[in-house]
2 protein chains.
Amino acid sequence: MIVSLSAKHYASNNKAIGIFDSGIGGLTVMRQIHALLPHENICYFGDTARLPYGNKSPETIKKYARENADFLQDQNIKLLVVACNTACALATDLDSYVDVPLIGVIEPGVRNAVESTKSGSIAILGTKATISSGVYQKCLKAALPMGRIFANACPLLVPLVEEQLFTHEATILLIKEYTAPLMKHTPDTVILGCTHYPLLRPLFQEILGENIILIDPAYSTALAVQKKLRDLNQLNKSPQKGSCVFFVSDDAPKFKETGALFFKNSLELVTLKI
Amino acid sequence: MIVSLSAKHYASNNKAIGIFDSGIGGLTVMRQIHALLPHENICYFGDTARLPYGNKSPETIKKYARENADFLQDQNIKLLVVACNTACALATDLDSYVDVPLIGVIEPGVRNAVESTKSGSIAILGTKATISSGVYQKCLKAALPMGRIFANACPLLVPLVEEQLFTHEATILLIKEYTAPLMKHTPDTVILGCTHYPLLRPLFQEILGENIILIDPAYSTALAVQKKLRDLNQLNKSPQKGSCVFFVSDDAPKFKETGALFFKNSLELVTLKI
């Protein structure tokens, strides 16, 4: 009986962590999870046929998030990571929809920002949908009631990153424009509330100044995944390195090429989901 | 018997012209059709839940084009206009798929460019998918075998237009960058091969110089629609002004607001397609 239970546990622990994003951005989150938990199997889904989510409506984003979660649950996962700020901000009922534990990027990012700030003045950058949802602002207010919270949407940064214009004059101009109204309030901490933005981190640091603390929620998300799996006794105990498999809804070769920049590693096993 | 036939013809001529695009861009085409043929009923579909098409794969664009055509055919249309350069360039088999006559924007645009050029040197600007399909280049070569044809993709212009940055420094920088390699070949005619670009027409003219002839395929497309309906004896003979109805797959209020800029008129009767 005990043997059977252990075998069952072992099989269950071997299951993959499921991660989805609208496209390639979530690979910055996957990279941190893979680095922290190298023995975990990971199954990533990028909804490249319908990206970007950032300028779409709450109803559409909710629908897409459920469909993505269904697809990953069919892959027999043990935990779901929503590695897309927009989906986390809008599909707030996804937790009750799925059958596995769910971790998003917003709460870990907020926790990290609250730990980092000294002045209590925090700025958030994200897509239109993320910022207008108000979810980051609400979570920060709850965690830091006396905090001063400022937010601005940066709708063009995702396409600029997708075009790899990491140091282009147009990117510099737009970052200055998006951040100027926030910097008037002299925040000491700025949350990069979109998984594409960490690729612009050096530019943000240069423009905002070296004293600004930039928060990339990816690492805190990886820590949250580790804690959750440990609490559930679901960490993969296998001595072997975990496998990373990728599914996309459009154009696997393009995903493989651009995705490598986000994952900082080559992407094998990319499959087009029909 | 004759009366019955006429009545049938009349009912058939009353049917709407169907138009689809990935989002709002096709409204620049619809505007020209509506101006030229004010008595026609028009039914527009913008696939705003899945936009943009320009950076997606041929297979995905073909699939979306068929689904959009199916939806419009269910609205009982008499003619289908594909008011999206990317869909025209990639979904080249759509003509044999649909049951009604089909008109795209590429052939009318090519005809217009060939009529305009004096030097035989023509440049094309479009999305990545349109340019890499090579369809414009192939059509121009067929119509003007001695012509010198140059093309470049402008992947960031669609999001810049969607953000209404019509005169922004970032837009100027990127237009200069996208057009510089083409202008070396001193074309006298430049095709704006994406339905978003006409909104940047003044900026293009300023950057490229006033001697350059800019071709917006929208007006030639409207002429092609008029000719086709006349040939088929399907022009709407009703003395009343035609109705314009709009369907979108996401976020009707946003479409209504931004779409008015493209249609140069307010948009009533916008319905979210479920």
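Chain naming here is simple, since letters A, B, ... match the order of the sequence lines and numbering starts at 1 in each. Keep in mind that this is a model prediction, so the values were computed, not measured.
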Pairs of heavy atoms under 4.5 Å with chain A: top-ranked of Glu59(B), Arg50(B), Lys128(B), Lys56(B): Lys56(B)
Toward chain B, the part of Glu163(A) with a non-hydrogen atom under 4.5 Å: side chain
Greatest number of heavy atom pairs closer than 4.5 Å to chain B - which of Leu173(A), Ile172(A), Leu165(A): Leu173(A)
Which atom of Leu51(A) lies closest to which atom of Pro52(B), heavy atoms considered: O-CD, 3.8 Å
Neighbour count above 12 (heavy atom, 6.0 Å) for Gln75(B) CD: yes
Chain B contact via Thr171(A) - side chain, backbone, both or neither, heavy atoms under 4.5 Å: neither
Side chain, backbone, both or neither of Tyr64(A) within contact of chain B (heavy atoms, under 4.5 Å): side chain
Per-residue contact mode, Leu160(B) against chain A (heavy atom under 4.5 angstrom): both
Expected output: side-chain Asp250(B) to main-chain Ser57(A) donor-acceptor under 3.5 Å: yes
Heavy atoms of other groups near Gln164(A) CD, more than 12 under 6.0 Å: yes
Minimum heavy-atom distance Ser249(A)-Thr60(B), with the two atoms named: O-OG1, 4.1 Å
Verdict with supporting geometry, Glu162(B) and Asn55(A), side-chain contact (heavy atoms from CB on, under 4.5 Å): CA-CA 10 Å; Glu162(B) 301 256 341; Asn55(A) 299 332; over 6 Å; no
Selection from Leu156(B), Leu174(B), Leu272(B) maximising heavy-atom pairs under 4.5 Å formed with chain A: Leu156(B)
